Enquirer: 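Below is a structure I'd like to ask you about.
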Amino acid sequence: MWLAAAAPSLARRLLLLGPPPPPLLLLLSRSSLRRRRRLYSLGLAAMPEKRPFERLPAEVSPINYSLCLKPDLLDFTFEGKLEAAAQVRQATNQIVMNCADIDIITASYAPEGDEEIHATGFNYQNEDEKVTLSFPSTLQTGTGTLKIDFVGELNDKMKGFYRSKYTTPAGEVRYAAVTQFEATDARRAFPCWDEPAIKATFDISLVVPKDRVALSNMNVIDRKPYPDDENLVEVKFARTPVMSTYLVAFVVGEYDFVETRSKDGVCVRVYTPVGKAEQGKFALEVAAKTLPFYKDYFNVPYPLPKIDLIAIADFAAGAMENWGLVTYRETALLIDPKNSCSSSRQWVALVVGHELAHQWFGNLVTMEWWTHLWLNEGFASWIEYLCVDHCFPEYDIWTQFVSADYTRAQELDALDNSHPIEVSVGHPSEVDEIFDAISYSKGASVIRMLHDYIGDKDFKTGMNMYLTKFQQKNAATEDLWESLEDASGKPIAAVMNTWTKQMGFPLIYVEAEQVEDDRVLRLSQKKFCASGPYVGEDCPQWMVPITISTSEDPNQAKLKILMDKPEMNVVLKNVKPDQWVKLNLGTVGFYRTQYSSAMLESLLPGIRDLSLPPVDRLGLQNDLFSLARAGIISTVEVLKVMEAFVNEPNYTVWSDLSCNLGILSTLLSHTDFYEEIQEFVKDVFSPIGERLGWDPKPGEGHLDALLRGLVLGKLGKAGHKATLEEARRRFKEHVEGKQILSADLRSPVYLTVLKHGDGTTLDIMLKLHKQADMQEEKNRIERVLGATLSPELIQKVLTFALSEEVRPQDTVSVIGGVAGGSKQGRKAAWKFIKDNWEELYNRYQGGFLISRLIKLSVEGFAVDKMAGEVKAFFESHPAPSAERTIQQCCENILLNAAWLKRDADSIQQYLLQRKASPPSV
């Protein structure tokens, strides 16, 4: 499953309010202890007790589900008939299954060759989402048939079997019936053994209106009139392979499609809203290239005869990897050749790559329990980049990985309230919580590090061994380590357990000494903490694959070592005194580096003259920024380094720099010198803005388009006069229809005119939203509405967020945009959430969207008492699936407050001094 934040270039922007921090080097241990005491006094440093939970008993298990569902698209109900071939392994007089929001009408069990036994009681345990069917006599061991007739509701909560609203080309509002079962919502569509390890085959039939499209995991094998109603047809699908319930899917609605065959003969279709088949062609092309790429990489064929990719109007996640029927948000699948921007194309390519990887890694071999979710999601989040790099080498996607995933995971994982990659999960309410940046982005980052440590050849061999050994079965993390260890001969389990079973990651401190012709490095590792140096007893240790490069060949590792102790010395042979030495070539190792002053000093010219590779320039800057947030170095030192990026040509380096300056701007919005940091932003971004200009030049490509949008948006938001004037001119021509803005310029122009506009500008923007036929354009507008500054316009935007005009899943980004737009927006968004909590909580029913809403809305505060206020609100308004997020947000607020207290004065002094004597750039 892909969790929609936005395209990677936008994901970081949406997460602008990421973790911040405190204490200065000499006071370090004392301040860190004080901070931790503050966390404990607020009750933020300990996770809540886990709810009691038991997995389903093993006495009875399914072999095959024969399931017929008849949805009513007008009354929003459905009828279901289940006939499950089951195995009774131990004599019992009851069958326990998962069941939620379903009413069972009748149930019976017929042992093979014996009489049917009717259930005499259905005991629903609603809290645990289970039902116990009681029988008057004992069910003996052996096989038999369990029959259940039931009814349910097509809910509007975007989970289970639910309704999705769409508008026909003629303007009529209608509903489709669609599914989202991961993690634990198949039980809302039919009573089942809803655990990933309880696999079975499925024979699915759907009774639907004859003018509707009906899809499921497998191909249609029969379609015939329904005897009781001439307007209905019964559609039967082929039997699935053995699979888990969370991967079952069905869709009933109105769709067009485009179709092709992959070179391996698999039928690939992309289903789009009616009249928009053209918009499915890009995803179709990506999918048709991707299936053979994975088949060759894993050396295992795709096991189904077809794969459908379908755009769903109301969809909570970004996409879901149901086997053979992958569901997507419209914005994660549809590309309009004229009106889609470059970042949308890239996002679609990544999401398609992610979901199709799951067809092998997750669907063919499935995690044994949700504790191993990270393996599914971390792996797919890594290999999607490998796949996109294969299909679109011009995207420079691996550099973007570092900004979009690696640094994002490190921000979260530096908190006291992070969690290990492997989390023991019990109750269903705990599962949603681990669909986060640790499972996805840290998971992907440690797999990238592992792949680099093993080498591609052995990695592929190990993957093939794993998939072949466990196909159609379940596996745990240790099973993958064993296969990779067998393939590579390296101590994979020992190394990886240090990364998956304990939370956090190391800070490697390095200093160097020239000894004749050699450079001797002294390395030491300690846990990196957002609150400053680690001060506890028994510091955790990692086995860290470390690469070291020098200016002799910046793109090649001079030495590779495995650091398996707290401290070690390393001798680099034949390194001249004037050569720089850098750790973590390619920013692949999941650690931060702190250099001695002399080593850092020698690296900085490599930023200005670009002799350091782009991903290393990015990593160096990001490490320094994080060290400043944690109070280990001064923020002023980082601002000085940022000025060295004046010649920077690389989009992703600018993107990361922009994100960090955004975090700093948010922090300084709590001061009276916010304008000064905006001046700094203009100074840093003006030269690249002038070089790029507004219009594409011959020979430019994908990354130039992304960079232009990023830079103009940054300058416009900061109030750069020439950018603002040009944005207003182009916006006026766009609105008047004289010169339509290119898709890549729309976000920066919309943002600029709104930020410096009035009520008329907002009204024009809302009109453009209403007129937009494409969801991508609606989302583009929704994300920037929060830039508006006047209190009454902010209220208007917040009210709009909950209106019918905004799809339920997109409300979050509108409110989050307001909170991230300004200091007054943040206060207003928090008040709005508190005032409308019941409606918002009810809308998202404890899924991961509620966590995202909370994170985007409160994490930018920087006053101690706000942490207490946020904590108190959620104590009286519980959100179980967001408990960890709430604690992380409160921790971040305290870290922001400490950062501000510590560095605000020196930042202000530096900015004023700069103003008095501007640096020569």
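Since we're looking at a predicted model, the values are computed, not measured. Because only heavy atoms are used, hydrogens play no part in the values below, and waters and symmetry mates are left out as well, while side chains stay in. Residues take their numbers from the sequence shown, with the count starting at 1.
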Enquirer: Determine, using ring centers only, whether Trp654 and Tyr651 are less than 6.0 Å apart.
Expert: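 Between Trp654 and Tyr651, which both carry aromatic rings, the centre distance is not below 6.0 Å.
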Enquirer: Between Asp553 and Lys558, does at least one N-O distance fall below 4.0 Å, as a salt bridge requires?
Expert: no
Enquirer: Below 4.5 Å, heavy atoms only, C-beta onward: do Arg448 and Trp398 meet side chain to side chain?
Expert: yes
Enquirer: Look only at the side chain of Ser488 and the backbone of Leu484, and say whether a donor-acceptor pair between them is shorter than 3.5 Å.
Expert: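 Flag set: sc Ser488 to bb Leu484 pair under 3.5 Å.
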Enquirer: Compute the ring centroids of Phe505 and Tyr591, then answer whether they are less than 6.0 Å apart.
Expert: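 Centroid distance Phe505-Tyr591: not below 6.0 Å, so no.
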Enquirer: Going by heavy atoms in the side chains, are Lys582 and Thr550 under 4.5 Å from each other?
Expert: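 No, side chains not in contact.
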Enquirer: Any chance NZ of Lys460 has more than 12 other-residue heavy atoms, nucleotides or ligands included, within less than 6.0 Å?
Expert: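 Result for NZ/Lys460: enclosed.
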Enquirer: Answer with yes or no after comparing the ring centroid distance for Phe361 and Tyr466 against a 6.0 Å cut-off, counting only values under it.
Expert: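 Yes, the ring of Phe361 comes within the 6.0 Å limit of the ring of Tyr466, centre to centre.
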Enquirer: Do Lys576 and Glu552 pass the salt bridge (Lys or Arg N to Asp or Glu O under 4.0 Å) test, and can you show the C-alpha distance, the side-chain angles, and the key distance before you say yes or no?
Expert: CA-CA 9 Å; Lys576 298 188 182 79; Glu552 187 183 12; 5.7 Å; no
Enquirer: Do the side chain of Arg592 and the main chain of Pro506 share a donor and acceptor less than 3.5 angstrom apart?
Expert: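 Flag not set: sc Arg592 to bb Pro506 has no pair under 3.5 Å.
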Enquirer: Can you check whether Leu450 reaches Trp481 side chain to side chain, under 4.5 Å on heavy atoms?
Expert: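 The answer is yes; the side chains approach within 4.5 Å.
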Enquirer: Find out whether Pro554 and Leu612 are in side-chain contact, i.e. whether some heavy atom of one side chain is under 4.5 Å from a heavy atom of the other.
Expert: no
Enquirer: Run the salt bridge (Lys or Arg N to Asp or Glu O under 4.0 Å) test on Asp413 and Lys527 for me, step by step, so that the C-alpha distance in whole Å, both residues' side-chain angles and the decisive distance to 0.1 Å come before the verdict.
Expert: CA-CA 10 Å; Asp413 206 27; Lys527 183 180 188 299; over 6 Å; no
Enquirer: Taking atom types as modelled, find out whether Gln888 and Asn417 have a side-chain donor-acceptor pair closer than 3.5 angstrom.
Expert: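 Absent: no donor and acceptor within the cut-off.
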Enquirer: Inspect the surroundings of CD in Gln514 and state if more than 12 heavy atoms from other residues, nucleotides or ligands are less than 6.0 Å away.
Expert: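 Yes, because the 6.0 Å sphere around CD of Gln514 holds more than 12 heavy atoms from other groups.
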Enquirer: How close do Ile633 and Asp903 get, heavy atom to heavy atom, and via which atoms?
Expert: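 That closest heavy-atom pairing would be O-OD2, 4.5 Å.
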Enquirer: Other residues, nucleotides and ligands only: do more than 12 of their heavy atoms fall within 6.0 Å of CG on Asn647?
Expert: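 Enclosed.
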Enquirer: Hey, are Glu648 and Arg617 close enough for a salt bridge, meaning a charged N less than 4.0 Å from a carboxylate O?
Expert: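 Looking at Glu648 and Arg617, the cut-off is met.
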Enquirer: Under 6.0 Å between ring centres, would you say that holds for Tyr453 and Trp499?
Expert: no
Enquirer: Is a side-chain N or O of Trp382 found less than 3.5 angstrom from the main chain of Ser445, in a donor-acceptor match?
Expert: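 No; zero donor-acceptor contacts below 3.5 Å.
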Enquirer: Hey, could you give me the CG/CD distance between Asp538 and Gln541, rounded to the nearest 0.5 Å?
Expert: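 CD of Gln541 is found 10.0 Å from CG of Asp538.
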Enquirer: If we only count heavy atoms from C-beta on, is the Val495 to Lys490 side-chain gap below 4.5 Å?
Expert: no
Enquirer: What residues form a salt bridge (charged side-chain N to carboxylate O under 4.0 Å, His left out) with Glu485, not counting sequence neighbours?
Expert: none
Enquirer: Looking only at heavy atoms, what is the nearest atom pair of Ala897 and Asp864, with distance?
Expert: CB-OD1, 3.1 Å
Enquirer: May I ask you to check whether Tyr406 and Phe590 place their ring centers less than 6.0 Å from one another?
Expert: yes
Enquirer: Just so I know, are the side chains of His670 and Leu900 near enough to count as touching, which here means a heavy-atom distance under 4.5 Å?
Expert: yes
